[in-house]
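Notes to accompany the following structure.
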2 protein chains.
Amino acid sequence: MYKERQFKGKHMFKQVRQNKAYQGVVEQIEETIVAGTLKPGSLLPAERELKEQFGVSRGTLREALRVLEQKGLIEIRTGVSGGSVVREVNGDKLSENIGLLIRNRTVSLQDLATFREGIEGGVAALAAQRASEGDIAFLRELLGEAEGHLKLGRKGWNAFIRTDEKLHMALARISANQLYISVLESVYSNIHTYYDNYLSYGKQRLQENYDDLRGIVEAVAAGEGEKARKLAQGHVERFNAYMEKKGAT
Amino acid sequence: MYKERQFKGKHMFKQVRQNKAYQGVVEQIEETIVAGTLKPGSLLPAERELKEQFGVSRGTLREALRVLEQKGLIEIRTGVSGGSVVREVNGDKLSENIGLLIRNRTVSLQDLATFREGIEGGVAALAAQRASEGDIAFLRELLGEAEGHLKLGRKGWNAFIRTDEKLHMALARISANQLYISVLESVYSNIHTYYDNYLSYGKQRLQENYDDLRGIVEAVAAGEGEKARKLAQGHVERFNAYMEKKGAT
DNA sequence: TATGCGCGAATGGTTTAACCATTCGTAAAA
DNA sequence: TTTTACGAATGGTTAAACCATTCGCGCATA
């Protein structure tokens with residue numbers, strides 16, 4: 001038997017990662033963008049210029065640009081005066097990613113719904129702390145809009161759902177927390193498909209829904225964060241329960 | 001004056017998207033993977049074979065593969081018997097995306113901290129509903145570990161912080177919701193910088209922290225979701241208050 | 001027999017050079 | 001003034017060749 005190796009199983013050294021050429025390019029450009037040196041709207045140099053600066057071939061450079069595009073950091077336009085434009089990073093890729101997880105069954109609809117419950121609660125609580133009088137007026141306006149749709153009967157249901165969503169997103173904006181805004185946007189863009197099920201429950205459910213919304217808005221107006229959180233959570237929770245009963249998985 | 005165009009401003013037709021060649025390749029492969037025809041671990045044909053099947057050049061094919069790699073759907077290995085391997089889709093790319101949002105957008109430390117508050121609350125509540133006896137035993141084990149570190153005095157502080165984080169991530173895993181897991185991972189990987197500030201508050205704070213953790217674990221063990229949520233929220237809230245006092249922005 | 005070395009094949013990584021497709025400013029033509 | 005045509009700049013795509021990495025196989029050697 002040989003003497004046992006020292007540090008067996010421990011990480012004595014950091015693994016050397018063999019950077020592929022395109023990765024080096026990605027890292028440099030990403031760093032520059034994230035650091036703010038390149039602001040949204042900026043145009044990167046042309047490919048034939050960039051390939052010189054990085055000392056790689058055009059093919060390699062283009063692989064790097066594709067990666068940056070997929071990350072949502074740049075947008076590539078053709079034609080003269082086209083090129084790689086630095087993008088305002090938003091939640092689009094986030095929502096695309098969540099969609100992928102759902103399609104792959106790594107995340108079930110129920111997971112998404114449960115997650116939404118927590119997010120909406122947090123948003124409502126924050127909004128209650130931060131809403132200005134103008135914000136509150138706007139929320140009440142949306143409430144009025146929702147009530148109007150409700151009175152139209154079946155014809156107004158779709159519009160009601162849209163107003164409901166507008167109200168939730170308004171709360172997110174009032175929370176003034178970009179993370180909540182982006183995450184909630186992503187959740188909505190992936191949960192839409194299942195609204196149809198909900199609609200089939202009819203007027204009774206929509207009325208309950210409206211009452212919930214009213215409660216939330218009033219709690220926000222009163223600056224009662226914890227109350228708003230509880231109401232919002234319960235609101236989404238009830239919604240989820242209907243979904244589940246309806247058999248959506 | 002000419003007669004006004006019909007449907008002015010309305011979306012009469014769906015916009016024709018000029019698919020670039022690589023996008024067609026991405027879509028086909030992505031579809032096959034998501035549909036489950038290609039299972040994780042499967043090896044795609046070699047590039048020189050694939051380029052024939054899709055009728056594109058190798059460069060174009062490789063741009064497509066880079067995109068799929070960036071989406072987290074495949075992993076590319078070199079060497080004979082290497083190639084494009086279909087990956088088990090997980091939340092890594094989701095974390096990466098959120099990380100980009102945090103680094104890039106106007107997400108302040110305070111936004112991040114506030115957001116964490118809501119997430120940790122949701123995680124704790126879910127964990128309380130779903131924890132098995134084994135899970136609870138594991139949490140208690142981590143508690144013991146934390147207590148041990150605490151007794152070491154200043155030398156153990158860093159280890160304590162690491163155990164604290166392990167405990168929070170364990171709760172996320174117990175919640176069994178990939179969204180919570182990924183989101184919390186990205187929060188932690190972006191909040192680390194600020195731990196140093198916290199440490200400087202010394203033993204008193206760590207002891208409070210430990211008491212919080214104990215309370216959370218006990219609530220989870222008792223299956224009391226709302227209590228766990230409140231405790232976790234308060235736990236993070238207090239942490240944030242210290243951060244703020246310390247002047248971190 | 002067991003071990004180690006080296007070669008060759010298969011695969012991804014990279015380069016080069018050329019040409020195609022799109023866009024837009026500008027100058028010529030109506 | 002308006003329309004048209006063209007040319008330049010940019011990204012999109014192709015082709016063929018070579019480099020780098022990995023792994024299996026067979027041969028040489030202890």
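First the proteins, then the strands, lettered A, B, ... as listed; each starts at 1.
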Using the side-chain heavy atoms of [X], tell me which of these nucleotides is nearest: [options].
{"X": "Tyr22(A)", "options": "dC24(C), dG11(D), dT14(C)", "value": "dT14(C)"}
{"X": "Arg48(A)", "options": "dG11(D), dT14(C), dG12(C)", "value": "dG11(D)"}
{"X": "Ala46(A)", "options": "dT11(C), dT10(D), dT13(D)", "value": "dT10(D)"}
{"X": "Thr78(B)", "options": "dT21(D), dG12(D), dT14(D)", "value": "dT21(D)"}

Inset, instruction - Give the ring-plane orientation class for Tyr180(A) versus Phe115(B), where under 30° counts as parallel, over 60° as perpendicular and anything between as tilted. - result: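 Because their plane-to-plane angle is over 60°, the rings of Tyr180(A) and Phe115(B) count as perpendicular.
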Does any N or O donor sit under 3.5 Å from an N or O acceptor when you compare the side chain of [X] with the base of [N]?
{"X": "Arg62(B)", "N": "dG12(C)", "result": "no"}
{"X": "Arg77(B)", "N": "dG12(C)", "result": "no"}
{"X": "Arg66(B)", "N": "dG13(C)", "result": "no"}

Inset, instruction - With heavy atoms under 4.0 Å as the rule, sort Ser57(A) into base, sugar-phosphate or nothing. - result: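 If one applies the 4.0 Å heavy-atom cut-off, Ser57(A) turns out to touch a base.
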Nucleotide [N], atom [atom2] - distance to [atom1] of [X] in whole Å:
{"X": "Glu47(B)", "N": "dA16(D)", "atom1": "CD", "atom2": "P", "value": "17 Å"}
{"X": "Glu75(B)", "N": "dG12(C)", "atom1": "CD", "atom2": "C1'", "value": "14 Å"}
{"X": "Arg58(A)", "N": "dA17(C)", "atom1": "CZ", "atom2": "P", "value": "13 Å"}

Inset, instruction - Taking atom types as modelled, find out whether Ser95(B) and Asp92(B) have a side-chain donor-acceptor pair closer than 3.5 angstrom. - result: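 Absent: no donor and acceptor within the cut-off.
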N/O donor to acceptor pairs below 3.5 angstrom from side-chain atoms of residues 32-40 of chain B, sequence neighbours left out:
{"residue": "Thr32(B)", "atom": "OG1", "partner": "Gln28(B)", "partner atom": "O", "Å": "2.7"}
{"residue": "Lys39(B)", "atom": "NZ", "partner": "Gly36(B)", "partner atom": "O", "Å": "2.9"}

Inset, instruction - May I ask you to evaluate whether Thr60(A) reaches the phosphate of dT15(C), defined as a side-chain N or O under 4.0 Å from OP1 or OP2? - result: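 The answer is yes; a side-chain N or O of Thr60(A) sits under 4.0 Å from OP1 or OP2.
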Legend entry - Along DNA chain D (nearest heavy atom to each residue), the more 5'-positioned of Val80(A) and Glu69(A):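 Checking each residue's closest nucleotide, the 5'-ward one belongs to Val80(A).
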Inset, instruction - Please determine if Arg62(A) forms a cation-pi arrangement with Tyr22(B), meaning its NZ or CZ atom is less than 6.0 Å from the six-membered ring centre and no more than 45° off the ring axis. - result: no
